[in-house]
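Letters go in sequence order (proteins before strands), and every chain restarts at 1. Note that the structure is a prediction, hence the values are computed from the model and not measured.
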Amino acid sequence: MNNRDIAAVLRRIADLLDIEGDNPFRANAYRRAAQAIETCRQPVAELADVTALPGVGKGVAAVVDELVATGRSTLLEELEAKIPAGLLALLRVPGLGPKKIGVLYRELGITSLADLEKALNEQRVRALPGFGAKTEQNLRQALRAATQRPERLPLAYVLPVAEAIEQHLASLEAVARFSRAGSLRRWKETVKDLDFVVATALPEEVADALAAMPGVARVIAKGPTKVSVELDLTWPVTVDFRLVPPEAFASALHHFTGSAEHHVRLRQRAKAKGLSLSEYGAEEAASGRRIAFASEEALYAALDLPYIPPELREGEDEIEAAEAGRLPRLIAEADVRGDLHLHTTWSDGGNTIEEMAEAARLRGYAYIAVTDHSQSLKIAGGLSPKELAAQREAIADLNKRWDDFAVLTGVEMDILPDGRLDYPDDVLKELDVVIGSIHQRFRQDADTLTKRIIGAIENTHVDIIAHPTGRLIARRDPYPLNLDAVFEAARETGTALELNSNPNRLDLKPEHLRRAKALGVPIAIGSDAHSVAELDNIRAGVGTARRGWLEKTDVLNTRPLDALLAYLRRNG
DNA sequence: GCCGTTTTCGGCCCGACTGTTTTCAGTCG
């Protein structure tokens, strides 16, 4: 059992304890331990003493030891004997928590989503204590939404929605200031809902305007400090707006950015310093004096910490790092000097080389590499060696146009199922940037896939491995791969691994990036743009890089053109 | 269940909103 499996069992135990009505702090203790184990770098099975982890004591350690030894948990089995497993699915229905689920089970014998739907339709739920006709109606709608959409929505799905909302907020005169918050601001790859903090002196007016916003299917909650709506989309999206007076904006933004885990730890720290932290600021326990923070920086300063950027606020080791002065100076979008992965009309892109180049230049880039698909990827119009040579000539022509911008020649070349590359070396050696990619036969076993990728890494002409794990968020698992071996080969040869910025991919993931950084493996952030608009993908890439604690110096395409070319040509 | 320059017992982050209640429990983040 790996750490993730163990954490999943502990969370399951916590959920079951909650439904059983046990001491809620006991359930939370299991969740806290799960978090510690999940983020532990070393397999806990190899740890001499699990209780060394924060939040893991004798009780949890006994469960973990049993899991490691037998793969089973007596505690979990006892709980499952008492509580039908189907009840866990009910926890995913918004509006249902452990207490209400307990009542539904004990009073009506409900053990599944289907049971609940039936009871709702027969109006048996409204008679229960603590329930009513309104609850019944809300549950009916929530149930429909919950069964209709995945629990967390991919970034790629919600980003355009968020941008439209931001346009709307910007158009409201009563809005003084606003910002994304929640996991969207932290650039998490999936989000449960969208959060915005809005500063206004006229909360009622803004609340009315937001509730009446186009696309709103229903208003879930509306008060002077909060509006919560559900949008009518393929997958319904819940949007929470927090309305605060302008002077409370920074505190509120911090609060609603989360994560919950980060806040728990921060508030523990605040308490130790005699401060009580809330969404409105801080209060000195001794004097009762209230402090409103002018900025998030001021909030952290009050806790004797340097500013911790949103992307790091995951409740892992960021507070310890901040305390020790070990926070990274995170890469910023402005540090990116060029894009090393994009497509044009020569293969499956929607814009010409010229259009892509002009758009990149307008973004302030100093260079792009044109990396269309290679010959075996027929479906994407992959280029033959002859076409590739013609493209090189076209690029050489185009380059005469600028003295402040360069188009590099390149290719996104398939690594074939048998491990061979899609072009011979004498074709590759003519190109500035060669990306190796797997697009076919990714169901091979881990050993074969790992060998394919390492074979490409070891070719001196290959500079970057694109989307190394091949996952598609919420759609396709990463392919089985010995990532440690891939990282090691990349480190030895200086081959960069890509952080692919397509919001459906975001591959490598933050935890991979941290490992790569620790090993000294260079990372290339690529947009994988198939159109001018998709050059913007880079934002999600930079956000993900920041979640992976990357600095400017960890990323290849932050280098000026000369330094980049020198690096690419180091092996001839 | 965990944890301790408040402590080995008694806390455990904090506040808003809803709906069902007549003063508050449950849920959410």
Could E77(A) and R72(A) be called an ion pair, given the rule that one side-chain N must be under 4.0 Å from one carboxylate O?
->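 A salt bridge is present here (some side-chain N lies under 4.0 Å from a carboxylate O).
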Are the charged groups of D193(A) and R152(A) less than 4.0 angstrom apart, N to O?
->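 No, this pair does not count.
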Would you kindly give the [atom1]-to-[atom2] distance between [X] and [N], to the nearest whole Å?
{"X": "D18(A)", "N": "dC28(B)", "atom1": "CG", "atom2": "P", "result": "11 Å"}
{"X": "I101(A)", "N": "dA25(B)", "atom1": "CD1", "atom2": "C1'", "result": "15 Å"}
{"X": "Y30(A)", "N": "dC3(B)", "atom1": "OH", "atom2": "C1'", "result": "16 Å"}
{"X": "R265(A)", "N": "dC12(B)", "atom1": "CZ", "atom2": "P", "result": "18 Å"}
{"X": "H254(A)", "N": "dC14(B)", "atom1": "NE2", "atom2": "P", "result": "15 Å"}
{"X": "D193(A)", "N": "dT27(B)", "atom1": "CG", "atom2": "P", "result": "18 Å"}

Identify whether any heavy atom of [X] sits under 4.0 Å from a base atom; if not, whether one sits that close to sugar-phosphate; answer base, sugar-phosphate or nothing.
{"X": "A221(A)", "result": "sugar-phosphate"}
{"X": "G258(A)", "result": "nothing"}
{"X": "P98(A)", "result": "sugar-phosphate"}
{"X": "S259(A)", "result": "nothing"}
{"X": "A133(A)", "result": "sugar-phosphate"}
{"X": "V93(A)", "result": "sugar-phosphate"}
{"X": "L266(A)", "result": "nothing"}
{"X": "F25(A)", "result": "base"}

Which nucleotide in [options] has an atom nearest any side-chain atom of [X]:
{"X": "R267(A)", "options": "dG26(B), dC13(B), dG29(B)", "answer": "dC13(B)"}
{"X": "V264(A)", "options": "dG29(B), dC13(B), dT20(B)", "answer": "dC13(B)"}
{"X": "K99(A)", "options": "dT27(B), dG1(B), dG29(B)", "answer": "dT27(B)"}
{"X": "E279(A)", "options": "dG1(B), dG15(B), dC17(B)", "answer": "dG15(B)"}
{"X": "A29(A)", "options": "dC17(B), dC2(B), dT20(B)", "answer": "dC2(B)"}
{"X": "N138(A)", "options": "dC14(B), dG19(B), dC2(B)", "answer": "dG19(B)"}

Could you tell me whether the phosphate oxygens of [N], OP1 or OP2, come under 4.0 Å of any side-chain nitrogen or oxygen in [X]?
{"X": "K271(A)", "N": "dT6(B)", "value": "no"}
{"X": "Y280(A)", "N": "dC14(B)", "value": "no"}
{"X": "K134(A)", "N": "dT18(B)", "value": "no"}
{"X": "T135(A)", "N": "dT20(B)", "value": "yes"}

Does R218(A) reach the side chain of N138(A), with side-chain heavy atoms less than 4.5 Å apart?
->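 In contact.
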Cation-aromatic face contact K100(A)/F131(A), 6.0 Å, 45 degrees =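 Checked: cation-pi criterion met.
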Compute the ring centroids of F196(A) and F178(A), then answer whether they are less than 6.0 Å apart.
->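 F196(A) vs F178(A): aromatic centres not under 6.0 Å.
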Could you tell me if the ring centre of H255(A) sits under 6.0 Å from that of Y280(A)?
->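 Ring centroids of H255(A) and Y280(A) are no less than 6.0 Å from each other.
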